[in-house]
Amino acid sequence: MGQRIAGTGPGYANHAELNYIPRALCVPVPDAVEDEHAAFAGLGAIALHAVRTCEVTIGETVAVLGAGLLGLLAQQMLRASGARVIALDLDPQKLTLARELGAEHAFASDDPATASCLRDVTDGRGADAVLIFAAAPQSGAPLALAAEIVAERG
């Protein structure tokens with residue numbers, strides 16, 4: 001009772017004075033961590049899971065499709081682990097922020113020249129992995145772009 005925790009989970013972690021969150025979906029927040037930082041625990045876990053799943057190694061190139069909150073978190077984790085990051089998004093402002101946060105390159109995902117530009121900056125190989133953090137209701141555009149820019153066996 002009274003311990004600060006960071007919790008996540010659909011149907012559990014709601015904006016309310018009182019929540020029931022299973023133990024497996026929460027972690028204690030150390031005293032030195034501010035609430036504003038602890039609030040990223042669930043989102044950080046999602047981004048980290050994506051980064052771990054792609055099993056990228058030092059020096060590999062990862063294209064992050066979607067430079068929203070999750071994409072930017074994943075991008076920073078990838079950079080911290082030694083990967084080269086290429087950001088892709090529809091919004092030029094998000095691409096600017098992605099560059100500021102360490103993306104080596106940033107391209108408009110709706111530009112027909114993007115796949116060619118990405119191949120140019122990867123010496124013709126393409127990205128070793130592509131993480132998709134983009135929403136496109138009723139469209140397979142993000143998946144189609146990922147398939148176009150990923151390296152063979154990526």
Kindly compute the distance separating CG (Leu72) from CZ (Phe133), expressed to the nearest 0.5 Å. 10.0 Å
Glu104 vs Val85 side-chain heavy atoms within contact, under 4.5 Å: no
Check Leu131 against Cys54 and note the closest heavy-atom contact, atom names and distance. CD2-CB, 4.1 Å
Would Leu70 and Ile46 count as a side-chain contact (heavy atoms from CB on, under 4.5 Å) if you check the C-alpha gap in whole Å, the side-chain angles of each, and the deciding distance to 0.1 Å? CA-CA 8 Å; Leu70 287 173; Ile46 293 167; 4.0 Å; yes
Do Leu65 and Ser109 have side chains that get closer than 4.5 Å, going by heavy atoms? yes
Kindly check if the number of other-residue, nucleotide or ligand heavy atoms within 6.0 Å of CZ (Arg4) is above 12? yes
Distance from Arg23 atom CZ to Leu25 atom CG, nearest 0.5 Å? 12.0 Å
Could you see if Ile132 belongs to whatever hydrophobic cluster contains Phe107? Use Ile, Leu, Val, Met, Phe, Trp, Tyr and a side-chain cutoff under 4.5 Å. yes
NZ of Lys94 to CG of Leu101, rounded to nearest 0.5 Å, is 13.0 Å
Are Ile149 and Leu88 side-chain neighbours, meaning at least one heavy-atom pair lies under 4.5 Å? yes
Heavy-atom donor-acceptor pair, Asn19 side chain to Ile21 backbone, under 3.5 Å: no
Any pair counted as side chain to side chain donor-acceptor pair (under 3.5 Å), so long as it reaches residues 61-70, sequence neighbours left out: Thr61-Arg84
With sequence neighbours excluded, residues passing side chain to side chain donor-acceptor pair (under 3.5 Å) with Asp31: none
For a quick test of reading the model, state the closest non-hydrogen atom pair linking Gly102 to Gln75 and the distance between them. N-NE2, 3.7 Å
Between Phe40 and Leu73, is there a side-chain heavy-atom distance shorter than 4.5 Å? yes
Could you report the tightest heavy-atom contact between Cys26 and Ile5, atom names first, then the distance? CB-CD1, 3.8 Å
Here the gap from Thr122 atom OG1 to His105 atom NE2, rounded to the nearest 0.5 Å, amounts to 9.0 Å
Quick one: does any side-chain atom of Arg52 pair with a main-chain N or O of His49 as donor and acceptor, under 3.5 Å? no
Work out which heavy atom in Glu148 is nearest to a heavy atom in Ala115; give both atom names and the distance. OE2-CB, 3.3 Å
Under 3.5 Å, side chain of Thr96 to main-chain N/O of Pro92, donor-acceptor pair present? yes
Closest heavy-atom pair and its distance - Ala63, Leu118: CB-CD1, 4.2 Å
Side chains of Val62 and Val130: does their closest heavy-atom pair fall under 4.5 Å? no
Distance, nearest 0.5 Å, that separates CD of Glu60 from OG of Ser81: 9.5 Å
Ignoring hydrogens, what is the shortest heavy-atom contact between Met77 and Val51? Give both atom names and the distance. CB-CG2, 4.2 Å
Value for CG (Asp111) from CG (Leu145), rounded to nearest 0.5 Å, stands at 10.5 Å
Is any side-chain heavy atom of Ile86 closer than 4.5 Å to one of Val121? yes
Answer yes or no: is there a side-chain heavy-atom contact under 4.5 Å between Leu43 and Leu69? yes
